[in-house]
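Working notes, structure below.
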Amino acid sequence: MSAVLANLRQNPWRLLLAINAAVIVGVFVHKIQLPPYVPYIHLLVDYHFGFIKRALIGAIVALFTDKVPVWLVFALGGATWLVTLGLYARLFQKTFGFAARTLPLFVFIAGSPFFLKNFMHTLGHFDIYGCALAIILLLMPAGSLLFVATAALFSIILVLIHHIHLLMYVPTIITIVVIRHYLAHGVTRTNVAFGLVALLCVSALFFAAQFLGTMPIPEADFVAYLKTRMADPARTDLLQFAYIWYQPLAKEVSDTWRRLPHNILGVPVFALLIWLHTPLWRYFASLIGALANDMHRRLVIAALIGISLAYLVMFAMVFDYSRWISNWAVCMFLILHAVKMLPAKYNAPLIALEDRKTNIFGLILTLIPRVGIVRPF
């Protein structure tokens with residue numbers, strides 16, 4: 001028995017993986033007991049009144065059913081979560097492989113409270129779609145313009161799901177395209193022009209959604225229509241967020257700054273959670289330092305700064321801080337995989353298996369069930 005305990009202290013990573021699985025089940029059980037306010041109303045809103053923002057998922061749901069039950073939020077969200085888990089497992093296998101020496105890295109990423117556990121807590125929200133589509137781009141061949149076109153299509157889909165994806169996952173998708181296509185296969189006049197046109201189209205769609213995608217009818221009529229789409233129209237409590245289809249950008253920014261003194265109190269907690277990932281960040285820095293091409297290194301660093309600045313803009317505009325910081329971390333995880341695909345002059349050392357401090361950090365992160373939506377936990 002003492003030998004088993006000693007082995008667990010030295011190499012606890014399989015146990016931590018099992019604990020993470022149990023924590024995820026617990027988060028799911030807790031989640032299905034909560035009212036699905038925003039995720040549910042997103043399944044009701046479609047293009048019945050013309051082009052509006054945040055309506056793509058509801059429009060797709062409308063193709064299959066006239067009445068939307070509440071359980072569909074959990075079914076659709078759960079299916080998306082499982083697909084994302086499968087995609088990430090395949091990505092990790094492709095990039096690093098599953099072995100004892102890579103298990104700490106997998107636990108720090110897949111078991112991070114920023115990642116799959118928080119996506120389970122935000123089940124039904126739109127964030128996970130950006131992550132899933134970015135992972136697909138990391139898995140698919142990147143040598144032709146079809147890859148750039150697919151990235152543009154994914155970006156368009158994300159902006160139609162919610163225009164804030166232009167700041168949340170589109171910068172990461174752009175970085176993946178630059179790393180996997182332009183840096184790996186070369187820059188030509190054709191692929192640069194194609195990429196710029198694609199970027200212009202995505203940007204134009206964002207501005208259309210942001211400034212022209214407001215619901216064109218009175219809110220009372222909008223709510224009345226939503227009730228016709230509900231399986232249980234008596235659940236009017238599920239429609240309390242209908243106002244967001246009428247709220248201008250200035251009002252969103254005003255609300256965010258009004259809540260800022262209270263929400264900013266969570267920043268030290270976010271900083272602590274980021275610090276607990278120190279072994280992962282050190283490995284990421286080693287990957288960047290090991291790149292064979294100095295220009296690649298500079299471009300990766302510039303991309304990380306650009307992605308972070310996009311999230312800083314989001315912090316100033318919308319107050320769901322726990323979600324934003326979690327998705328920022330997920331973007332860092334995905335870029336780590338992209339960087340690993342670039343030519344390197346040496347293999348960066350993986351996270352140590354038996355380092356005591358690393359083991360403690362891994363245990364703490366494993367036991368944290370999620371980060372939250374607005375405020376920490």
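Atom set for the values below is all heavy atoms of this structure, side chains included, hydrogens, waters and symmetry mates excluded. Just so you know, residue 1 is the first one in the sequence shown, and it goes up from there.
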Quiz item: If you measure from CG on Leu133 to OG1 on Thr172, what distance do you get to the nearest 0.5 Å?
Solution: 12.5 Å
Quiz item: What pairs with Val253 under side chain to side chain contact (heavy atoms under 4.5 Å, CB included), at least two apart in sequence or on another chain?
Solution: Leu249, Trp257, Met317
Quiz item: Going by an N to O cut-off under 4.0 Å, is there a salt bridge joining Arg235 and Asp237?
Solution: yes
Self-check item: Check: Phe315 main-chain N/O paired with Tyr321 side-chain donor or acceptor under 3.5 Å
Solution: yes
Exercise. With His165 as reference, evaluate Tyr129, Phe154, Phe126 under the ring pair (Phe, Tyr, Trp, His ring centres under 6.0 Å) test and give the passing residue.
Key: Phe126
Quiz item: Partners of Phe28 by side chain to side chain contact (heavy atoms under 4.5 Å, CB included), sequence neighbours excluded?
Solution: Ile32, Met120, Leu123
Exercise. Look only at the side chain of Arg54 and the backbone of His162, and say whether a donor-acceptor pair between them is shorter than 3.5 Å.
Key: no
Quiz item: Is it true that the NZ or CZ of Arg229 lies under 6.0 Å from the centre of Phe222's six-membered ring and within 45 degrees of the ring axis?
Solution: no
Quiz item: Going by the angle between their ring planes, with limits at 30° and 60°, are His30 and His121 parallel, tilted or perpendicular?
Solution: parallel
Quiz item: According to the ring pair (Phe, Tyr, Trp, His ring centres under 6.0 Å) rule, which pairs have a member within residues 353-377, sequence neighbours left out?
Solution: Trp275-Phe361
Exercise. May I ask you to decide whether Arg298 forms a salt bridge with Asp294, counting only side-chain N to carboxylate O separations under 4.0 Å?
Key: no
Self-check item: Intermediate values then yes/no, side-chain hydrogen bond (donor to acceptor under 3.5 Å, both in side chains), Tyr169 and Asn327
Solution: CA-CA 8 Å; Tyr169 276 100; Asn327 282 283; 2.6 Å; yes
Quiz prompt | Among Trp328, Tyr88, Trp81, Phe92, the one residue meeting ring pair (Phe, Tyr, Trp, His ring centres under 6.0 Å) with Phe115 | solution = Tyr88
Quiz prompt | Spacing of Phe319 atom CZ and Trp324 atom CH2 [to the nearest 0.5 Å] | solution = 9.5 Å
